[in-house]
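Below, chain A is the first sequence line, B the second, and so on; all start at residue 1.
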Number of protein chains: 2
Amino acid sequence: MMGDVSIRDAHVEGPDLAALAGLLADGTRAGFCLALLDGRAWTAIELARHVGVAASTTTEHLNLLVAGGLLAQERQGRHRYVRLADPATAELIEKLASVAPRRSSPPHSLPAVNRARALARARTCYDHLAGALGVAVTTAMTDRGLLDWEQGLTLTGKGTAWLEELGITHPSDTRRPPVRSCLDWTERRPHLAGAVGAAVCRHAFDSRWITRIGTSRAVALTDTGRHALREHLGLSDDWSRADPSS
Amino acid sequence: MMGDVSIRDAHVEGPDLAALAGLLADGTRAGFCLALLDGRAWTAIELARHVGVAASTTTEHLNLLVAGGLLAQERQGRHRYVRLADPATAELIEKLASVAPRRSSPPHSLPAVNRARALARARTCYDHLAGALGVAVTTAMTDRGLLDWEQGLTLTGKGTAWLEELGITHPSDTRRPPVRSCLDWTERRPHLAGAVGAAVCRHAFDSRWITRIGTSRAVALTDTGRHALREHLGLSDDWSRADPSS
DNA sequence: GGGATCCTTCGGCGCGCGCCGAAGCGTCCC
DNA sequence: GGGACGCTTCGGCGCGCGCCGAAGGATCCC
């Protein structure tokens with residue numbers, strides 16, 4: 001059995017890879033996956049409106065994505081909820097998004113620029129913090145000796161103690177790395193992902209340090225959160241970058 | 001400038017991601033990229049023969065892949081050499097290949113099974129060792145305290161000393177992690193990638209510990225290599241898995 | 001009970017893409 | 001110098017895919 005599995009698994013061919021890539025080689029399906037990168041479940045009609053296609057188009061595309069294993073779904077009454085299948089799928093979408101060339105022009109309208117700014121400032125990247133806030137938290141953890149990047153990324157003993165002090169636990173899932181670097185493409189610097197990154201983000205939501213901005217991926221730091229980050233990480237109020245217009 | 005860049009970069013849309021994925025959403029182009037995952041440069045006619053398409057088809061597909069930034073090329077006389085553009089592209093292809101469902105049936109013919117076995121035993125995964133040998137080397141390095149996976153993957157002080165002892169250097173490229181875990185999909189366990197993984201692999205070739213098997217991705221451990229790995233890592237001769245038929 | 005909403009199925013339409021062979025250019029070797 | 005080889009361009013062909021509206025079923029709320 002093991003021998004058979006190994007030999008089969010070594011034999012990935014062009015059409016296999018093409019089938020997976022093909023799932024994302026469509027603007028509509030890719031748009032769905034990017035929207036779902038916020039870590040939440042969306043209904044079919046929400047996704048349809050988000051990318052601007054008909055409900056029938058949405059059903060057909062979601063069927064492909066579910067059959068292909070990228071999305072998981074559940075029904076609730078007349079609603080069909082879908083989400084990214086697992087963290088590995090989210091990582092894949094993230095990675096593709098981080099290297100994809102930008103074909104569209106930057107946003108020009110005031111609402112679009114403000115939305116982009118909000119995303120750059122603070123957002124969720126599937127299950128962890130991203131944007132200027134995500135990078136600032138990661139930098140502060142590093143400065144405080146909680147993370148060590150010298151010879152690979154490690155949670156230090158101080159880091160483990162810090163998490164315990166705050167009551168932040170994370171599953172010791174051996175398949176998922178406790179800490180992982182995720183390239184933040186708005187800041188062009190890494191932020192913390194992995195099981196610890198996800199746990200910190202969940203704690204931030206549960207403790208009302210951050211809150212969602214509408215249905216967007218963007219999050220806002222609350223007063224409670226500002227105080228907590230100052231107390232626990234020494235984060236000052238100027239973590240957000242200088243306004244680009246100044 | 002920074003503000004402009006950040007706002008633009010935050011705005012990745014469905015069509016952007018679809019354009020990148022579209023490059024790989026074709027069996028022929030995907031087959032080229034998988035072949036190039038061996039880390040070498042191939043000529044256009046070699047790739048054409050490898051996947052079984054006409055030269056004109058090959059030219060058209062390579063043009064797309066180069067224009068899309070996945071491949072880099074150079075001309076030498078009448079030959080057009082192409083290779084994967086950079087390590088980040090290789091990581092992307094690796095990741096896609098590791099999660100792609102296998103649609104094709106496992107190899108049945110004796111030559112195909114032997115080729116698959118050779119790949120499972122030892123191969124290059126772009127620029128680092130993979131297969132049973134890659135996993136065995138990684139496990140031995142861990143057992144000897146050269147690598148630490150407890151709270152993220154780190155090269156330990158002993159590991160740094162071990163590399164110096166062997167004369168293995170690696171560029172301290174801050175953009176590339178020194179150590180990175182790469183899921184070996186034949187062994188279903190991780191092997192060492194990153195700058196250190198690449199340096200160890202290069203040293204193994206330079207020191208004739210391993211040698212290529214034909215034009216394949218597979219590599220063979222030489223007698224020199226067997227002795228060296230026993231001496232420097234305590235690797236016994238049974239790193240290759242038990243024969244599946246026994 | 002009935003209207004609104006969400007979602008699905010399916011036929012139709014139009015477009016894009018991958019394949020190839022033929023012709024031709026440049027390189028290389030005998 | 002000429003034949004072989006590698007590669008490119010381009011027109012033609014066939015196929016697959018994404019879009020939609022219409023019709024209908026299930027859910028939900030007034």
Side-chain angles (χ1 to χ4, degrees), chain A residues 13-36 40-68 70-83 103-104 215, chain B residues 13-36 40-68 70-83 103-104 215:
Chain A
E13 295 182 320
D16 302 320
L17 181 58
L20 174 64
L23 286 174
L24 297 166
D26 173 72
T28 299
R29 292 196 296 277
F32 289 171
C33 292
L34 287 170
L36 292 166
R40 292 181 292 176
W42 290 50
T43 63
I45 198 66
E46 284 171 338
L47 288 171
R49 290 177 178 139
H50 180 75
V51 303
V53 294
S56 49
T57 304
T58 300
T59 291
E60 286 153 352
H61 284 306
L62 289 181
N63 287 344
L64 289 173
L65 290 169
V66 170
L70 292 185
L71 301 189
Q73 67 181 346
E74 70 180 287
R75 302 270 178 173
Q76 276 189 10
R78 62 189 173 188
H79 292 291
R80 176 185 192 183
Y81 283 92
V82 292
R83 66 177 69 241
R103 289 152 50 110
S104 48
T215 59
Chain B
E13 294 182 322
D16 303 320
L17 181 57
L20 175 63
L23 286 175
L24 297 166
D26 173 73
T28 299
R29 290 196 296 278
F32 289 172
C33 292
L34 287 170
L36 291 166
R40 292 180 293 175
W42 291 49
T43 64
I45 198 65
E46 284 171 339
L47 288 170
R49 290 179 178 138
H50 181 75
V51 304
V53 295
S56 50
T57 303
T58 300
T59 291
E60 287 153 351
H61 284 306
L62 289 182
N63 287 345
L64 289 173
L65 291 168
V66 170
L70 292 185
L71 301 190
Q73 67 181 346
E74 71 180 286
R75 303 267 178 177
Q76 277 189 11
R78 61 187 174 189
H79 293 292
R80 176 185 193 184
Y81 283 92
V82 292
R83 65 177 71 239
R103 290 150 52 106
S104 48
T215 59

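Within the model, atoms OG1 of B:Thr59 and CG of B:Leu64 stand 11.0 Å from one another, a figure rounded to the nearest 0.5 Å. Remark: B:Arg49 CZ to B:Thr43 OG1 distance equals 7.5 Å, nearest 0.5 Å.
Rounded to an integer number of Å, the gap from A:Phe32 CZ to C:dC7 P is 11 Å. Regarding A:Arg75, its CZ atom lies at a distance of 10 Å from the P atom of D:dT27, rounded to whole Å. When rounded to the nearest whole Å, the span between CG of A:Leu62 and P of C:dC6 equals 15 Å. Per the geometry, CG belonging to B:Asn63 stands 13 Å off P belonging to C:dG18, to the nearest Å. Note: NE2 (B:His61) to P (C:dC17) measures 12 Å, nearest angstrom. Atoms CD (B:Gln73) and C1' (D:dT8) sit 12 Å apart, rounded to a whole Å. Here the C1' atom of nucleotide C:dC7 and the CG atom of A:Leu47 are 13 Å apart, to the nearest Å. Straight-line distance from the CZ atom of B:Arg49 to the C1' atom of D:dC7: 12 Å, rounded to whole Å.
Considering only side-chain atoms of B:Glu60, the nucleotide from C:dG11, C:dC20, D:dA22 that sits closest is C:dC20. Picking from D:dC7, C:dG18, D:dC20 the nucleotide with the shortest atom distance to the side chain of B:Arg29 gives C:dG18. The side chain of B:His79 has D:dG6 as its nearest neighbour among D:dG6, D:dG18, D:dT9. Here the side chain of A:Ala44 is nearest to one of D:dC19, C:dC7, C:dT9, namely C:dC7. Proximity note for A:Ala54 (side chain, C-beta onward) versus D:dC20, C:dG18, C:dC20: the nearest is D:dC20. Closest to the side chain of B:Asp26, out of D:dG18, C:dC19, C:dC6, is C:dC19. Candidate nucleotides D:dA4, D:dC20, C:dT8 were compared by shortest atom distance to the side chain of B:Arg78, and D:dA4 ranks first. Considering only the side chain of B:Leu64, C:dG18 comes nearest among C:dC6, C:dC7, C:dG18.
In this structure, A:Thr57 and A:Gln76 both approach DNA chain D, and ranking their closest nucleotides by distance from the 5' end singles out A:Thr57.
Judged by distance alone, with hydrogens and angles left aside, the side-chain atoms of A:Asp16 form a donor-acceptor pair with the main-chain N or O of A:Glu13 at under 3.5 Å.
Looking at heavy atoms from C-beta onward, B:Leu62 lies out of side-chain contact with B:Gln73 at the 4.5 angstrom threshold. Between A:Arg80 and A:Thr58 there is no side-chain heavy-atom pair separated by less than 4.5 Å.
Close to C:dC19, at under 4.0 Å from its OP1 or OP2, lies a side-chain N or O of B:Thr28. For B:Arg80, no side-chain nitrogen or oxygen approaches OP1 or OP2 of D:dC5 to under 4.0 Å.
Contacts of B:Thr58 with the nucleic acid, taken as non-hydrogen atoms under 4.0 Å apart, are absent.
Contact annotation: side chain of A:Ser56 to base of D:dG21, donor-acceptor pair present below 3.5 Å.
Here the shortest heavy-atom pairing between B:Ala18 and A:Ala30 reads N-CB, 4.0 Å.
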